[in-house]
Undergrad: 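Please find one structure pasted underneath; my questions will follow.
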Number of protein chains: 2
Amino acid sequence: MPICPLVGRSPSALALCPPVRARSKTNDLTGSIELAGGAMSFLRNCEIYGEGESADYLYKVVSGAVRTCRFLGDGRRHIGAFYLPGDIFGLEANDEHQLSAEAISDSTIVVAKRSALITLAACESDIVRQLWTSTAQELERVQHHMLLLVKSAQERVASFLMEMAERLPMTEAMELPMSRQDIADYLGLTIETVSRSLTRLQTRAAIALPTSRRIVVRNRAALSRLNA
Amino acid sequence: MPICPLVGRSPSALALCPPVRARSKTNDLTGSIELAGGAMSFLRNCEIYGEGESADYLYKVVSGAVRTCRFLGDGRRHIGAFYLPGDIFGLEANDEHQLSAEAISDSTIVVAKRSALITLAACESDIVRQLWTSTAQELERVQHHMLLLVKSAQERVASFLMEMAERLPMTEAMELPMSRQDIADYLGLTIETVSRSLTRLQTRAAIALPTSRRIVVRNRAALSRLNA
DNA sequence: CGGCGGCTTGATCGGTCTCAAGTACGGTGG
DNA sequence: CCACCGTACTTGAGACCGATCAAGCCGCCG
């Protein structure tokens with residue numbers, strides 16, 4: 001894991017980017033978070049928060065991409081989620097983060113103090129409802145991810161591609177922000193197996209790989225057929 | 001899958017058991033649910049709700065045990081969770097159930113109309129907060145389960161045993177309500193692998209198996225050492 | 001040009017699945 | 001009481017998928 005010459009490690013650090021109003025309407029909290037917080041920049045591979053730290057803040061991706069991850073005892077890494085622009089992360093059941101969060105690429109993140117939102121919620125009761133909604137969405141995402149993990153390697157990679165095809169801005173091809181290692185840890189596979197699955201999908205003409213991070217979905221039906 | 005000579009399939013069916021006040025304090029919703037709903041009985045292997053049905057109700061286990069599950073395209077079954085007395089289930093991100101729920105053993109379940117709770121929430125704003133808390137707990141549980149699924153078979157079974165040891169009433173030994181097939185589908189393994197893992201734990205003196213459903217944890221440290 | 005990191009490809013190993021018996025237990029009927 | 005049965009569980013042998021180990025390849029940057 002590379003060293004992080006990071007810009008802001010703690011949420012009190014200098015905000016390098018002005019808040020950007022997102023066009024995404026996926027989450028109602030969006031506005032509230034931006035009201036309550038400031039924007040920060042994180043360099044590639046920098047930690048945004050650590051596993052076990054107290055979950056005092058909520059985060060929203062403005063640009064870039066974020067992974068949440070956790071190391072198992074034997075050094076293996078598990079990635080719980082990828083967050084793309086518009087996504088909210090940092091929601092926890094307890095006051096402690098279960099996984100740590102890291103920037104996958106240079107990213108701008110809006111940070112809001114959780115307690116500030118709760119205070120806001122006292123006046124506008126809708127905020128609690130919105131926090132609940134966001135948590136429920138996260139729950140659904142994790143449930144879906146759980147289903148992934150009981151499938152075969154080929155199925156997992158196909159599912160991953162379909163997920164990304166929905167979430168990434170797509171013009172013909174999509175540009176993956178994450179490395180093969182990230183994908184492997186997300187899917188519970190090795191990089192070799194991920195790579196082989198991708199080339200196999202390519203030879204079957206389901207996808208094309210102009211470059212290793214750029215993927216064209218040629219046959220969406222073939223992909224979904226692999227989803228078990 | 002056996003046929004279900006079930007007592008109540010829809011929440012409007014006759015409640016055979018009077019509401020029982022639970023001593024569990026694991027969830028604040030507990031009281032509200034019981035206020036808003038009535039108790040029902042479900043026989044072993046009966047469906048409580050189906051995948052895709054609208055999620056109009058919340059449920060609380062009074063006695064017995066419940067599994068939520070989903071069938072994959074090729075017939076494999078995935079179990080998302082086991083719910084024991086005191087647990088709340090049926091919370092969803094959307095208005096549709098992602099998985100179906102079935103009674104593992106004859107069970108008594110308290111059912112509350114979701115809309116009734118939301119109405120209640122209009123007066124007592126705490127209810128929304130409690131719904132949020134329950135959802136967050138569920139999220140944490142699923143995250144934990146996700147971590148399970150990337151471990152080895154031996155680790156998964158050991159983790160499962162430790163989870164059950166915490167949740168089941170224990171006096172020396174614990175009595176599992178679920179079958180080996182249930183465990184296998186919960187852990188993403190086959191019954192044979194589950195069985196082999198258990199006997200291996202027994203030969204290593206980590207557990208004892210007086211009967212197949214009754215398990216004594218002999219060496220908790222040995223189990224947790226296997227958790228990776 | 002050389003070197004390095006990220007990715008692909010190949011050969012082998014091992015863990016889990018699959019298929020197939022064998023065993024323990026509970027219930028039912030004689 | 002036992003004989004019988006069906007279900008749930010265990011155990012064994014072999015196949016297969018994905019991990020591991022080990023080269024090679026590619027793009028990028030100095």
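Side chains included, hydrogens not; waters and symmetry mates left out as well; all remaining heavy atoms used. First the proteins, then the strands, lettered A, B, ... as listed; each starts at 1.
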Undergrad: Has the side chain of A:R156 got a donor or acceptor atom that lies under 3.5 Å from a matching backbone atom of A:K151?
TA: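 A pair under 3.5 Å: yes.
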Undergrad: Check the distance between D:dG18's C1' and A:L198's CG and give it to me in whole angstrom.
TA: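 Rounded to the whole Å, the gap is 15 Å.
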Undergrad: Tell me: CG of B:L187 to P of C:dG15, nearest whole Å?
TA: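 Roughly 19 Å, once rounded to whole Å.
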Undergrad: Write out a two-atom table: protein N or O, nucleotide N or O from nucleotides 18-25 of chain C, distance below 3.5 Å.
TA:
{"unit_1": "C:dT18", "atom_1": "O4", "unit_2": "B:R196", "atom_2": "NH2", "d": "2.9"}
{"unit_1": "C:dC19", "atom_1": "N4", "unit_2": "B:E192", "atom_2": "OE2", "d": "2.9"}

Undergrad: Side chain of B:H145, backbone of B:Y186: donor and acceptor closer than 3.5 Å?
TA: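 Yes: the side chain of B:H145 pairs with the backbone of B:Y186.
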Undergrad: Do B:Y83 and B:Y59 make the cut of ring centroids closer than 6.0 angstrom?
TA: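 No, the ring of B:Y83 stays outside the 6.0 Å limit from the ring of B:Y59, centre to centre.
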Undergrad: Looking at A:D87 and A:R167, does any basic side-chain N land under 4.0 Å from a carboxylate oxygen?
TA: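 The answer is yes: the pair qualifies as a salt bridge.
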Undergrad: Could you check how far CZ of A:R200 sits from P of C:dG10, rounded to whole Å?
TA: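 Computing the A:R200:CZ to C:dG10:P distance gives 14 Å.
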Undergrad: How long is the line joining CD of A:Q181 and C1' of D:dT20, in whole Å?
TA: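 It is 13 Å, rounded to the nearest whole Å.
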Undergrad: Any base atoms under 4.0 Å from A:L189, or only sugar-phosphate, or nothing? Heavy atoms, all strands.
TA: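 Sugar-phosphate, no base atom in range.
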Undergrad: Return each pair, listed once, that meets salt bridge (charged side-chain N to carboxylate O under 4.0 Å, His left out) where at least one residue sits in residues 188-211 of chain A; pairs must be two or more places apart or across chains.
TA: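 For residues 188-211 of chain A, and leaving out neighbouring residues, there are no salt bridge (charged side-chain N to carboxylate O under 4.0 Å, His left out) pairs at all.
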Undergrad: Please give, in whole Å, the distance from C:dC17 P to B:Q154 CD?
TA: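 Atom CD in B:Q154 sits about 13 Å away from atom P in C:dC17.
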Undergrad: In this structure, how many angstroms lie between the P atom of D:dA23 and the CD1 atom of A:I191, rounded?
TA: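 Atom CD1 in A:I191 sits about 16 Å away from atom P in D:dA23.
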Undergrad: According to a strict under-4.0 Å criterion, is A:S195 in side-chain N/O contact with OP1 or OP2 of C:dT9?
TA: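 No, no such contact exists.
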Undergrad: Answer yes or no: is there a side-chain heavy-atom contact under 4.5 Å between B:I215 and B:L176?
TA: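 The answer is yes; the side chains approach within 4.5 Å.
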Undergrad: Would you check if there is a donor-acceptor pair between the side chains of A:H97 and A:E53 at a distance under 3.5 Å?
TA: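 Their side chains do not contain a donor-acceptor pair, so the 3.5 Å distance test is not met.
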Undergrad: Roughly how many Å is it from CG in B:L209 to P in D:dC9, rounded to a whole number?
TA: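 In whole Å, D:dC9 P and B:L209 CG are 12 Å from each other.
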Undergrad: Is the phosphate of D:dC9 approached by B:R213 (side-chain N or O, under 4.0 Å from OP1 or OP2)?
TA: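 So the side-chain polar atoms of B:R213 do come within 4.0 Å of the phosphate oxygens OP1 or OP2 of D:dC9, strictly under.
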Undergrad: Round to the nearest Å and state the distance from B:R44 atom CZ to C:dG26 atom C1'.
TA: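 About 12 Å, once rounded to whole Å.
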Undergrad: For a quick check of understanding: with a heavy-atom distance under 4.0 Å over all strands, which category does A:T211 fall into, base, sugar-phosphate or nothing?
TA: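 Contact class for A:T211: none.
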